[in-house]
Structures are given as C-alpha cells and as structure tokens.
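Worksheet for the structure shown next.
Numbers restart at 1 for each chain; the letters A, B, ... are given by sequence-line order, proteins then strands.
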Number of protein chains: 6
Amino acid sequence: MPVNPLPAIMIEPLVRAALLEDLGRAGDLTSDAIAPDDLAATALLVARQAGVVAGLDLAALAFRLIEQRIEIVRERGDGDQVGPGDTIAVVHGPARAMLSAERTALNFLCRLSGIASATAALVAAVRGEKARIVCTRKTTPLLRAIEKYAVRAGGGANHRFGLDDAVLIKDNHIAIAGGVRPAIESARAGVGHLVKIEVEVDTLAQLKEAVATGVDAVLLDNMSVEELREAVAVVAGRVVTEASGGVTPETARAIAATGVDLISVGWLTHSAPGLDIGLDFRTR
Amino acid sequence: MPVNPLPAIMIEPLVRAALLEDLGRAGDLTSDAIAPDDLAATALLVARQAGVVAGLDLAALAFRLIEQRIEIVRERGDGDQVGPGDTIAVVHGPARAMLSAERTALNFLCRLSGIASATAALVAAVRGEKARIVCTRKTTPLLRAIEKYAVRAGGGANHRFGLDDAVLIKDNHIAIAGGVRPAIESARAGVGHLVKIEVEVDTLAQLKEAVATGVDAVLLDNMSVEELREAVAVVAGRVVTEASGGVTPETARAIAATGVDLISVGWLTHSAPGLDIGLDFRTR
Amino acid sequence: MPVNPLPAIMIEPLVRAALLEDLGRAGDLTSDAIAPDDLAATALLVARQAGVVAGLDLAALAFRLIEQRIEIVRERGDGDQVGPGDTIAVVHGPARAMLSAERTALNFLCRLSGIASATAALVAAVRGEKARIVCTRKTTPLLRAIEKYAVRAGGGANHRFGLDDAVLIKDNHIAIAGGVRPAIESARAGVGHLVKIEVEVDTLAQLKEAVATGVDAVLLDNMSVEELREAVAVVAGRVVTEASGGVTPETARAIAATGVDLISVGWLTHSAPGLDIGLDFRTR
Amino acid sequence: MPVNPLPAIMIEPLVRAALLEDLGRAGDLTSDAIAPDDLAATALLVARQAGVVAGLDLAALAFRLIEQRIEIVRERGDGDQVGPGDTIAVVHGPARAMLSAERTALNFLCRLSGIASATAALVAAVRGEKARIVCTRKTTPLLRAIEKYAVRAGGGANHRFGLDDAVLIKDNHIAIAGGVRPAIESARAGVGHLVKIEVEVDTLAQLKEAVATGVDAVLLDNMSVEELREAVAVVAGRVVTEASGGVTPETARAIAATGVDLISVGWLTHSAPGLDIGLDFRTR
Amino acid sequence: MPVNPLPAIMIEPLVRAALLEDLGRAGDLTSDAIAPDDLAATALLVARQAGVVAGLDLAALAFRLIEQRIEIVRERGDGDQVGPGDTIAVVHGPARAMLSAERTALNFLCRLSGIASATAALVAAVRGEKARIVCTRKTTPLLRAIEKYAVRAGGGANHRFGLDDAVLIKDNHIAIAGGVRPAIESARAGVGHLVKIEVEVDTLAQLKEAVATGVDAVLLDNMSVEELREAVAVVAGRVVTEASGGVTPETARAIAATGVDLISVGWLTHSAPGLDIGLDFRTR
Amino acid sequence: MPVNPLPAIMIEPLVRAALLEDLGRAGDLTSDAIAPDDLAATALLVARQAGVVAGLDLAALAFRLIEQRIEIVRERGDGDQVGPGDTIAVVHGPARAMLSAERTALNFLCRLSGIASATAALVAAVRGEKARIVCTRKTTPLLRAIEKYAVRAGGGANHRFGLDDAVLIKDNHIAIAGGVRPAIESARAGVGHLVKIEVEVDTLAQLKEAVATGVDAVLLDNMSVEELREAVAVVAGRVVTEASGGVTPETARAIAATGVDLISVGWLTHSAPGLDIGLDFRTR
C-alpha cells in the first residue's frame, strides 16, 4: 500500500540514536581498520523472503547520517510487495561508511518490513470483507510512531496512538466506574469534542448498554465467532465494531465474515518476526 | 538464570521516554476521567504462558515514575521460569496511576521476557553440550542494552555490544582486504590489546587461514552440521568456534553436538515473540 | 474548576529546563553572595488580582528541584478562584534556594493562571448557555500541554492537541481537494476509526455539504451572530458546531446564545495576560 | 530597529521541539490525507494589524526543518514596521509541508512580533527622552533568549538574562543582609569584575545609601513620577537609574520625562498580545 | 576558600552523562562478575598529594546516582587545603556500586581539585598584593560551570562565563572597528546597562584611548612587568586593570606587585594537572 | 600518526553543546556589536609551539555549525607534527561568525593536540622498543571518545573505553573475590567470548597465579624497573604485559626496555597541558 512518509524531523532522532548506540565510544573498529577511506562500493538491499517493505526512509537516513555522500536509489517503495531476491534499493558510496551503517539500517528496515508484511498477510486474509486490520498500543517502547507507520504501509489502519488521543474504556475502568454507563458518561464529560470514545465489552448486555449510552466504537474482546456475529447484529451499524483476541492469518477471515468493522491485532507490533533483508555488496 | 541487574541510571531514560511516548500531550484521558484520584488498587502481574521473566526493573520503574507511591512486591525475579497463571509481582497503589503505567510496564516486560524465554528454550535444547547460546547485534534500535540483558536472563551470553567493543571481520571486509590473512593483520594492527578479533569464514580453507593467522574466534557462517563438525576438528580447540545460521529449537541440539563453543541467534532479539503477561486487577 | 493534575513526569522536564535557563552557568549570584546558607524563610504566594489559579504543581516543582527541603503548603488548588490578597500557598525552607527558584516558579504560575483566568471569564460570560469555551493550537511553543491544562483549570475544554489527534479541514485543504466533499472523503479514507473529523466552513452552502457528507464537527469561521444562528438551525443537532473568530468577554454571550456547542478562542493561549501573583517573604 | 540575528544553532532546537510537539506521533493527519505530495503552493505571510516584525528566522526554520525545499523570500526583516495587509515574506514549496509547518511558524512569529510591537510602542512613547525601554526576567519559560531578542527587535534593550550575569539586589536580599550597604558589600565581595550590581530601592534613604556604597544601577521600584524625579536628582548621574512598575503606553512618557535612564517593563514578555499575522495561500 | 555550592540541578546532568559514558551498554562487567550484590564496603577518599579540594558534590553524586544507598561522610569540604594522606571523605555502601562509580567520581574530583589547587598556589603567590587570580574562557568544553566553580574554590575569581555576559574587545575587534574608541562606542551602543565592557590593549596609546573613551576594565595583554607598572600608573585607579600572559607561580608575585587588579590565567582551566586523589578500600 | 577520523555524528553533539555553552542566552555580544555582518575575513590556525595536531574535525565543525559558509582549508591533518609558527589550517568566511566560534574551536583543538603531543613524546621516548603507549579511563568526563582518539593521533593505543568492553580486575576485586584465581574465574564465567580479561598484580606470586589461571593481559602496577624485568621473564610471552605507574618522558625508555608490551599512562588524558595554538587574523 502506498503510504504517506513521516517527516524526516520525526525519524531522524531515532536513526541518530540508533547509530550512536552501535558506534559506541570508538566507532566501527573493524571497518576503520580494514577498509581504505577512499574505497567506493555498491551494494544492494535485497529481500531474502517475500513480504512488504517499510522503513526505507530510516534505512536511507542511517547511511546518510554516517556519510552524506552515500546515495540510495530505490527500486521499491514502502508498501510495495517484494519477493525473495528482489532488489529494494541500490546503495553507493564510501565502503567504510556503508559497512558502519549497515546493521542499523537493516535493524530498522527488517523490523518495520516485518510488521508491514504481517499486516499485509492479515489484510489479504480478509480481502473481500469490509473489516480493516488495526494495530494496538502494544508497540516497542520508543518506536510507536514508526511501528504504526509500518502497519499503514502493510495496508492496515491505526488504533489510538497513546493514552491521550482517544478514550478506550477497559474492563478495569468499568469496574471502577461501577458499570458501562457511568464509565462512558464520566469519559464523555471529561474530554473534548474531538476525542472519540470506545468501550470494551465482554457480554451482549454490556454491549447493549454501551450502544444505548452512546459511544463511537465497541471493542468486542475475546468473543467467539458466533458471539461476534450476534454482537454485530445487536449493533446494527450504529457504532464501529472492533474484534480483538485470537486473531491469526488462519482465523482472520472467519472473524471478518462476522461483519465487524475492525480486527485489532497486538502481535503485529509486539511479535511479528522481522523480514529477512540483506545488504549484498556487488562483486568488484 | 539469576542475572546481575542493570543500574537504574541505565534503564531510567528508556522508561521515562516510553511513558512520555504513551502519555503524549494530554495524559491518560480515560483513567483521568473515570478513576477517582483517591482510589487504591491492587493488581497482579500474571504470566499467561510459560516462559522466563525479564524486565521487572523496567516494569517497576514504569509504575514508580508515574507515581512514586506505587509499591511492587516481586514474587519472581528476572531469570525465573514461570508457568501460566503464575503471579510474578503484586502492584499496589493509586488505581489511576497504575492504569496509566500498565501498558508501558507490560510492553517492556513482555518483550524482554519473550527474549529471555526464547533464549532459555534454546539453552534447554543444547543442555548437556558445551555450546552457549549467544545473541547478535540484530537488536531493536535503542533497546540493545536491555535486550542483551534479557538474553543473559534467559541463560544466554552476549556477543559484542556494538561496532566498537570487538572486531568481527565479515565477508565484505575479507573481500576488501583481499583475503582472510590481510584482513586479520590490518585489524590486529589497528586495535588495542583488550579488543578481541573474530572472523567469519565460509570455507575450511578460510578457516585454516584464520586459525593460522591468529584470531580469538571464528564465525562459521551457515555451515551444515557436517561442515561444522569438520570445522571443529580443524580448529581443535585453538580458537573459539561460533556457529551461525539456521538455528531453531529443533536444530540447535544437532548443531551443539558438533562441538562448537557458541551458537549465535539473531532472531532472539529481532523476532522472538513477546511473552504473554497481563496485569490483573483484583476484584474489589 | 477542579482539574486532574498532569503526571509529574510530564511537567518535570519543563521546570528543570526553565530553572537551568535562569541559573545559567554561574547560578544565582545575588542570593549566593547575600543569603547565608543556613537561613530559613517563609514566604507566601499571594494573588495580587482576582483570577483563577493554575500551575501550582509547576511552581512547587521549581522550588523543590532547586532544594528538596523546601515545603509547600497549598491553601488553594488549581482551578480555584482567588481574589487580590489571597494566599495561594505557603513556602518554607532555605531562603537562598527560595530566592533562586522564585522567578521560575512565578513565571509558570502567572502565565498559566492568566490563561485559566481568561478562560474562566469567558466561561462565566456564557453561563446558562450550553456553549463550551475551547482553546486552539495557537499555544506557546513547547508549552502546549500545560497551556491546555490551564484552559481546563479555567473551566474550558480542549480542541485538538496537535496535527495528529484529529482532522481539521481548513479552507486551504478544501481548495486543494477541490471542495468540501472530496476533502472530507479523503480524510475519512486516510485516518483511523478513533479520529474525528471537523471541517471549517465559511458559507451555508459549504456547511450543508459538510453535514451531508458526514463529519463530526463544523467550524463556523468568522460568522456573524446571525449567520451562526442560521448555521445552527441548518445543522439541527446533527454535528457539533464550533464558532470561531471575534470572541471577547463582551461578544461571547451573544455568540453562545446562537446555540453553538463550542466557542474557540485562540487568544486564551497566545495573548492572555499573566495573572499577577507575587511571593511575599514574611517579616522575620 | 535592525537587530543582529541569533545564530541558527541557538534557535534550531526550539523550532525542532515545537514542530515535534505539533506533529506528535502521527504527523499531520489532515494534510497528509488531502494534499497530493507533488503539489506546489505559494503563500504569503501577511500582517493583519500594524506592528513590528520579529521571529522571521524561526518561522523560516519551521518551514525548512519540515521540508528543505521550501523557499522563503523576505520582503521585510525583523525590526521592520508593518501595516495591516503588508506582505512580510513569500513562502513557496510543497503544499503539504507548508500546511504542516504553518501553525508552528506562526506561533513563533506572532508571539515574537507581539513583543517587538509592544516594545516599539513604548519606545515611540518615550521618543525624545533619553530613557530606554528594557525587559525583565518575567519571560516565558524556555523562550527567554528569543523573547529578549524580540525586545531588541522592537528597539528596546535587555536587562539581565538570568540569575548569573548580573547582580540584582531586591528587597528580600536587603532584608536578609540587614540593609542596603551590607547587601551591596556582600555582593561586591562575591562576584567577578565583569559583573555589574544593581540594587532595588523603595525610598530615597535607601537610594542615597546605595549610591554612597557604590553600585552600577538602581532600580526605583513602584515610585510615583514625583518620587522618580527626586530620585534622579539625588543620583545626579552617578549611577544608572531604572524605573519599574506601572508602565503603560500612557504613563511611559511622563516616567521618561523624570530623566530616568531606563524603564523596565515585565509585561512586554509575559503579557504582550501576539501580533496577528496570517499565512495566505494564493489563489491557484 | 569556602565556596557556595552549585545547585544539584546544575551538576546532575554532567554526572549522569559521565556515568553513562563509563557504563556503556553493558555496565561494569568486572564488578558485576566478582562482587556479590550484598557485600558492603567502606572506602576512603584520600589525597595523595597536597592541594585544595573541589568537586565533592560531583563525586558524591556519582556514587549516589549509581546506588542511592551509598553514604558519603565528608571530612573536608570544597575549598579546603589537604595534605598527602589526608582523608577527604568516607564512602560506605554496596561494594559493587562503589567500584562502578569510583572512576567517574575520581575523574571529576581530581580534575576540579587540580584546578583549585593550581589557583590556590597562584593566590598564595600574590598574597599581600591586591591582585586577584582570575580564570578565562579557555575551559574544557562542556565543563565551564564546574571548572569556574573550582577556580572559586581555590580562592580565585571568575572572568566572564561566556560570550554573552560581558563584552571583551580583543585585537581583532579593534582592527575591525578601526580603533579602540569606535570599538568601545559600538559595544556600548549595542549592549544593555548591566553588561560591563573590557578592552584588550597592547600599547599605552591604546590604553589611554580606552580609559578616555570609558570602559570598565582593561586587559593588559602580554606586557612586561615594567609596562604593566606604567600602565597601572596611567590608569590611576579609574578602571580595573587585568594582566594576562606569562603568568606562572614564579612570575605571579612580580606581576601582582605592579599594582594590577587582576591576573588572568588560561592554564588554570586548560592545563592544570589533576590532583592525585585515590579511593582506598579499607581492609576488611 | 595518520588516524581514522571519528564519524561526524559522534562529534557533532559535543561541538554543538560546547558552542551553546559559550553563546549562552544572548550570543556573542562583542562581535555582534562591532563586526559588520557582511565583513569577510581570513585567519590562520597557527601552532605556537611544537607538537602533534588532533581535533581538526571538531575545530572545523565549531566554525561551520555557527556559520556554514565558513571554509576551512587544512594544511596539516590530525596526527601531523607541527612546529612553532606552522600554519595548520586557513579559515575563511564571515568575520563575525569566525570570532564567535574561535574560542570553542581552540578549546577542542588545543586540548586534543595537547594529548596527542604528550602521547607522541612518550612514543618517541620508547622508539626502538616494542612497548606501546596506552591511555586509561582517567579521561575528562564526557570527552572520553575524543580524548582516546587524540591518543591514537599521537601514535598511542587505547586501553578499554569503559567498564563494559573489557574486564580489568583490580586489587579491590581480588580482595573481594579472595584471590587472583577466583577473581579471574568469576570474571570468565560472567562475560562473553569477545571480552578480554586483564588482571592487576602487585607481586610475582599474583602474577604467576594470574598467568596460570589464564588471562589475556596483566597489569604490572607500580613495579620498579627490576620488578618489571623479572615479571616479563616470568610471563615469557604468554600474556600481554602492561606497566603502569611513574611513567614520564624520562622514565619511559627504561620501562620499555624491560620488554613490557604496553605502558599505560593516566596523565596523558587527565593532566597533559594543552598545545598552544592560536587563530591569527590576517592583516587586512
């Protein structure tokens, strides 16, 4: 899926910090000792397995923050599907700097492409149904903005980005408030007019109470496919419905077929394996 | 595996940044609106699947940086094995703050426990052999220190922490230097006496050249079990041998049985799934 | 208005930076030279004019970050109305540190109380009508979180906190999109389910198009009271209506009487004068 | 008033932080969704009221840090007087980025221009007298350097920049020291030879004691015009005289006519309203 | 010399950064591996040579930021003279943490004590004369505030702290301005009333021009003792006189005897050797 | 000695912070007031004494971060020997900016060149022997990476960079462990395969125990030349030998003649005097 890039100002601090984490106090001992400082090289970012690319801006920045003379020519863009052996980009410049930046560039690219690929797989699984695949706040600490970006690159959509941009009333909030209705009413009274409210419900009774009280969305937590279908019928299109729990590429289609609007998946960001991408130096 | 804790000064900046990432500009809209500010609560950090715990210091800090009155009593420590349903720690304090810190605490704890658990599984797989399980530099950007800590908590050992604390001569370095021997010699001339040198070899010829030139360790890259066994015989204990590539819980034992000293596994840090741990608020 | 406090972790970096800005490279030359280091003092934070207090947490932190032995006893809280001469808090501790922190504490407290007071005046002006007073993104750079907090302390509500937590389609967006409808449709397709959409309209024709297309709120920009009344009639409660432009304590009531839901006011945060609050050292 | 620019290295961190504050974790949802990424635009920074411009470097940096291809052609410079409708600068580049940076650029520009304009009004009010208009430390936390710059752009001068670059002995210091003379003597003994000393006096007796002891300047606090005139006579040019308190565009001239050297005004930086400046996209 | 402490908020960021610089990504490998985590120890900070102590707050903070249970009991304070073998402080707490913090604590303490000691030696050399020993801006990058503090602890005084707190007109400024007088006049017109102006002069002609134009101080650069004496006579107490260049413990007295007010010494901060201080663990 | 440069990304934060430390809140008052903003100048970085240059990248960055139009043409490089009067580089650009950056550029350049020069002097003293000169962790807080770089520029080598990249077992560790052997064994068990282990020994008995247990290097602490010679004989090439303590340009040769591999010198980084380098503006 084509995806709007994040402004460089948002990703540069991350890439800078990651490079410094790797360079430590002495820099790249190996490449400094072995690679002559005037040697140029060309290398290919190559996919070693099928998936969807995400994170090229971060990878490119990793190379260029180490050495601004490095040039990156992209053959694919974020959101593009690639197959094993496909060249994603060509990197050209001083060999030493390319070697020093390689791991940081790949660490970003493989992780984000892994998230995009896992998202894309789920999106493909539900194709034909209206359900969208969305991520959660179960993201890697410090990387939320770019992980949610990767979900978009994979064709998914984003749930809230933090505690402060939407209300999500969970079971503990309901317990504290003394019920679904008072929880929703407290939330509505406490937030601004551009803040949406979603409530997690475990039962149809809670669901009906939520819809009657008035919310923007309901999170149908860990319901079976049958329960989901019934919940969708109860809601009857009045609010957005989100299914959560037990979502895998195998189960996604059946869940989507219940008619829910959204399927949220925590493991997209906390447990999706990285996509295997390598940097192949061309034979000189 | 009991593991030495990281000094708080090393982990506090990460936890602080992660909390601010989640709180955003308005804080926890939901809990602020619903939870009375004088309500106390008790909650349990509970494992939902079997694994090894890591990251309790970070989780505890997440709670206490939001609200210093929160108390955490640990029933397990980092490196401990837990089973489904086991209580890891009891958290007590103001309910609102506990709800606000919950996701950040869990994001650290689940990720690091996932790494520790995957490590422990490999460690268990090679039990009885001398081979140690080690991680790589394929870590999450910005989290290397704590992810390598998690590997230790799982009973693994750490490969180098960055480009600057050891020399690792890879295939591209060898190509640039014009051979294994000149690469090693350049490296030896360029670094201090407390820097070890490891070289990646793809063939027995390279291996022999490396051992003859003098290195501290050899990385036997993507060799079959038979090749590894032959390589170990060639080395004959003169240098540390590290096997890399294709390591899974299923293949680890056979690889270990070749007699290699180390088995390095990139996916421990880039692709291990999080361990499912939840925060259960006790019924009040 | 009682208001939920911001977590200390959110405000501490601001207070710390402000203190360092004032201490510079040599600290408080005057107080260091004159005040004996063992002299204790008591001082009162006193309102010199009527208004609403906001920012006590920041003021208290300013004192305590310089010297943790300083104690602050609050007689009023954020959101409380005060009159000239009213004591807001009593500060007790080492005199030198109190003098060093005084200006930073007051700079936060006076500014935020000024915003809260201006908000409260508008809130009072529209009392009896349903309209709420809301702020905008015209905030002081770097202080948005605390300035929006001050608006809440004054009884107002918050519009969006940034470019990323809601959609606000303005005239330039409409021009680029080629109309109200395509702008709204592009926005709806591009954002997640917890993101609300508001559109700025200048005419009744645009308003009707917006309501028909489906949005969460409409911003009625610089309309006369008559136009606002007509717009409210057109909307007929289907979406939230926000009036903007030309709002003063004198005009607010008439605007509110048109039946709009919200009245947004940029000058609350960019031009409200500080509330005059002083620190009076008690005669010793 | 022409004014020396601040080095970019001093203002860039502020602009960068302000942009990130507005972009949040997801960037500009509205413009990303609506503006095609290849659309260019031209817009004018236009004054909507009369005043003095300050902050163009910060505004320009806001645009360029988001997107370095944006070009800004200035028709006016900092310190220039503008009237309603005057074009200050022309901004040209990718439309989406211009929309994303607009609010941050204006937040800096309007605030600083407001300070410069208020300063210029006071400067105009005292024209013909020798008195200079100076600011205080009652600045917005974190923005002191640029707010004091804005005062210079408006033709004013700067009082001390912090606690550490000059001594200002206030009433509480005098009380602690046990008098004007011991306070001055302690200060003189405690600071270096390039540190000036000013003392705040409330009475002519204190004034005489200060001048006799030897200071660089006296702050005549909240004195009436008659008292100021008498104080100036007492001082007889031996030290710099500064009047403070109750300064408005209406009272400034009379205060200046007393012959004081300086008139300091806290509200220039804590309460001056922003200057209304807008960004008008040209009709396409 | 007793000296006012710097607020902890000013030194904590330096100590924190220094500890993290030493701990790197893995912490203290040696102490973690060898010292049991429950072992307590006592150690003495002992002077190995005579000198003046400075930096105890930083050393103490180094220990306590690693481990807040460490207690430091001071037997000497900053500014105190010590002899070889003198105990400066007793440190007690967990052995492992003490070992981890040792080098950082000593790096601050030895450097700052070295500066204080060198200053004190010059102060002693000029005892009986009115001349004060002052430092310059030739400080270690990032450590200016604490190095100037160390000069004060040694009994010296501080020249300006940066480019922004006083004017120092040097030879290149004079050349650009076209003479001493126009340089001073430009400076006077450009800065606020609390900014002092010093001018560097190489000849008596320049000196006379400077004094006639009106400055606060003159820097007599690299003049011989005879020239200095003549310069002091020319000045006749009208402005502060500062001698600079060629100052050593051997030459200082003769320079002071010329009657100059100040003797400035760059090497105090850029080349003073560290004072040898060690941490002796008590025999257990 | 030619030396590999540090990546700009590693040094830029230091230079940026140092410039801001000097510019403070108001910038360069003197140069702003006196130097016209369109005046160009040319100046020479000139050695005033013999030595080895180090830090040119930092000096150049200081100029260019203030004003990117400044051009620096190097006539010498880091690691080059210079004599009094030698031009190191030519700096050309706006005069005002060059004056503002001058002190920061020189503070880095003089300090690092001082370290390089002191190192080179020791290297020269031991020429002909195999011993290498190495630095320690007794570096200036926050400047370790660049000070160790300066040692390399002077022809020396680096000891470990922090607590985390090698094990150095000191006397206190041995005391805690209960002997040399258990200390080494604990360390070996606790660290990864790329971590070397060195142990400090005070006696031949300890030395023999260390060599027998197996370490990578031994630190022969404060031994006399005779003891060193005996120690070297005992070791017989089996491990790296490092002499430490009492090393001066006078004693170095005799120490080297004992056959040790390394001579470590703390004062290279904590007490080497700066090299006198000035910036001479050419007569215009």
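- Shown here for E:Ile176 and F:Ala95, the closest heavy-atom pair between the two residues is CD1-CB, 4.1 Å.
- Here F:Thr139 is the residue among F:Thr136, F:Asp32, F:Thr139, F:Leu14 with the most heavy-atom pairs under 4.5 Å with chain E.
- Every pair passing ring pair (Phe, Tyr, Trp, His ring centres under 6.0 Å) that includes a residue from residues 169-198 of chain E is listed here, sequence neighbours excluded: D:His159-E:His193.
- In terms of heavy-atom pairs under 4.5 Å with chain E, the best-connected choice from F:Ile184, F:Leu168, F:Val195 is F:Leu168.
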Worksheet entry | Steps toward side chain to side chain contact (heavy atoms under 4.5 Å, CB included) verdict (F:Ile169, E:Ile34) | CA-CA 9 Å; F:Ile169 299 169; E:Ile34 293 175; 3.8 Å; yes
Contacts table for residues 48-62 of chain F: side-chain donor-acceptor under 3.5 angstrom, sequence neighbours left out:
residue: F:Arg48; atom: NH1; partner: F:Asp280; partner atom: OD2; Å: 3.4
residue: F:Arg48; atom: NH2; partner: F:Asp280; partner atom: OD1; Å: 2.8
residue: F:Gln49; atom: OE1; partner: F:Asp276; partner atom: N; Å: 2.9
residue: F:Asp57; atom: OD1; partner: F:Arg74; partner atom: NH1; Å: 2.8
residue: F:Asp57; atom: OD1; partner: F:Arg74; partner atom: NH2; Å: 2.8

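- Shortest non-hydrogen contact noted between F:Ala187 and E:Ala33 is CA-CB, 3.8 Å.
- By number of non-hydrogen pairs under 4.5 angstrom with chain F, the leading residue of E:Ile197, E:Leu99, E:Leu279, E:Val191 is E:Leu99.
- Within the 4.5 Å cutoff, the side chain of F:Asn172 has no heavy atoms near those of the E:Ser31 side chain.
- Among the residues in residues 101-109 of chain E, those with a non-hydrogen atom closer than 4.5 angstrom to a non-hydrogen atom of chain F are E:Arg103, E:Asn107, E:Phe108.
- With respect to chain E, the highest number of heavy-atom pairs below 4.5 Å among F:Gly27, F:Ala18, F:Ala43 belongs to F:Gly27.
- Put simply, the side chain of F:Thr30 never gets that close to the backbone of E:Val167: no donor and acceptor are under 3.5 Å apart.
- Within the structure, the salt bridge (charged side-chain N to carboxylate O under 4.0 Å, His left out) test picks out the following pairs touching residues 15-28 of chain E (sequence neighbours left out): B:Asp164-E:Arg25, E:Glu12-E:Arg16, E:Asp22-F:Arg137, E:Asp22-F:Arg144.
- Neither the backbone nor the side chain of F:Val15 comes within contact range of chain E; no heavy atom of the residue lies under 4.5 Å from a heavy atom of that chain.
- If you measure heavy-atom distances from F:Arg160 to chain E, the contacts under 4.5 Å come from the side chain alone.
- Taking F:Ala183, F:Ala189, F:Gly190 one by one and counting their heavy-atom pairs under 4.5 Å with chain E, the maximum is reached by F:Ala183.
- In this structure, the separation between CG on F:Asp165 and CG on E:Leu29 is 7.5 Å, given to the nearest 0.5 Å.
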Between F:Thr140 and E:Leu143, is the side chain to side chain contact (heavy atoms under 4.5 Å, CB included) condition met? List the steps. CA-CA 9 Å; F:Thr140 307; E:Leu143 304 188; 3.5 Å; yes
